[in-house]
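Order of listing sets the numbers, starting from 1, for every ligand and every atom in it. Worth saying up front: this structure is predicted, and the values here are computed from it rather than measured. Scope of the values below: all heavy atoms of this structure, side chains included, with no hydrogens, waters or symmetry mates.
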Amino acid sequence: MTGAQGVRLGLFGASGRMGRKVQEALAGPFAGRLALAVAVDADTPAGVGFAGCDVVVDFSVAAATDDLLARLSGTGAALVSGTTGRDAAAEARLVAHAAHAPVFTAANFSLGVAVLTALVEQAARALGPDFDPEVFEIHHGRKRDAPSGTALVLGEAAARGRGLPWPEARRAAREGDTGARTADEVGFAALRGGDVVGEHTVFLLGAVERLELTHRAADRGVFAHGALRAAEWVVGQGPGRYGMRDLVADAGAGPQPG
Ligand code: NAD
């Protein structure tokens, strides 16, 4: 594992809610471990790239993926991306980038959600086809994508546990004359409002009992800390795709922030 002291960090989406949380964490628990070298937001001139950065942390918008990759081009910097809502084409461009540099993506950087994802798969497998998996989430009203990236990860985990094909089993919204629920779908419901940081519940609905597995994030700082731990970890890795599973599996995931 590479020592993180003096790691030079680029930040993409630096002025957003998460970008500001990352800067707070860099000035706080990660001070002396990671140093902000380049901060980029939508109004930063196109000529400003991430040359000299060891790792770039991205919390922006899916539509900015090409801009992000252009600024990363030729730098060799690792990428840690928390941006959600990318379509298949934008995902494919990230995969292509991972041939040259380490790319760590997570729809949710909280350790609690990483554990929840494993529990959901285990529960769906154990309960079997008599229990219908459904995913419910709430976020603040400014969130642009629905269902949330985390809800989709949790739904996919339930489908994996149940042996359902993904994304075919995904039932993103119900309205009007939907017909009866089929046995091979995972439904999603999204609420938006207030300043809810993120709440996810996976229901496993049986005939005479049901299981509910819930995670609630209390402060966005949890995602910033997780992303910076991922940034410290990923600079020591070779080109390829990485995620929370790798970070959690690696017992030496770095010192915990104070
Ligand atoms: P936000 O809208 O507050 O911030 C997004 C920022 O990106 C803005 O400052 C915007 O100006 C900037 N931006 C837009 N286009 C850009 C461009 N071309 N170049 C550089 N910057 C650009 O949103 P947020 O709440 O900070 O969330 C950002 C993303 O992170 C969303 O996709 C959200 O779903 C995701 N998110 C992920 C996690 C996680 O744990 N993975 C946690 C929270 C949020």
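- At under 3.5 Å, a nitrogen or oxygen of F109, whether backbone or side chain, sits near a nitrogen or oxygen of ligand 1.
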From CA spacing to verdict: side chain to side chain donor-acceptor pair (under 3.5 Å), R86, S81: CA-CA 11 Å; R86 286 197 175 94; S81 179; 3.1 Å; yes
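- Between A42 and ligand 1, at least one pair of N/O atoms sits closer than 3.5 Å.
- By the 3.5 Å distance cut-off applied to N or O atoms, K143 is counted among the residues near ligand 1.
- Between D87 and R93 there is no salt bridge, since no side-chain N of the basic residue sits under 4.0 Å from a carboxylate O of the acidic one.
- In this pair, F50 and F12 present their aromatic rings perpendicular. The plane angle is above 60°, beyond the 30 to 60° band.
- In terms of polar-atom proximity, defined here as any N/O pair under 3.5 Å, A106 does make such a contact with ligand 1.
- By the 3.5 Å distance cut-off applied to N or O atoms, H140 is not counted among the residues near ligand 1.
- Ion pair E121/R162 not flagged as a salt bridge, since none of the NZ, NE, NH1 or NH2 atoms sits closer than 4.0 Å to an Asp/Glu carboxylate oxygen.
- Counting only heavy atoms of the protein, atom 2 (O) of ligand 1 lies nearest to R17 NH2, 3.9 Å.
- Looking only at protein heavy atoms, the nearest one to atom 37 (C) of ligand 1 is G82 O, 3.0 Å.
- Looking at atom 7 (O) of ligand 1, its nearest protein heavy atom turns out to be S60 CA, 3.4 Å.
- For R125, the CZ atom is densely surrounded, since the number of other residues' heavy atoms within 6.0 Å is greater than 12.
- In terms of protein heavy-atom proximity, atom 32 (O) of ligand 1 is closest to T84 N, 3.0 Å.
- Closest approach of R181 and G187 over heavy atoms only: NH2-N, 4.2 Å.
- With ligand atoms numbered from 1 in the order given, ligand 1 contributes 14 (C), 15 (N) to contacts under 4.0 Å with heavy atoms of V61.
- At a heavy-atom distance under 4.0 Å, only side-chain atoms of D67, from C-beta outward, approach ligand 1.
- Geometrically, ligand 1 and A107 share a nitrogen or oxygen pair separated by less than 3.5 Å.
- Geometrically, ligand 1 and M18 share a nitrogen or oxygen pair separated by less than 3.5 Å.
- For atom 30 (O) of ligand 1, the nearest non-hydrogen atom of the protein is F59 CD2, 3.5 Å.
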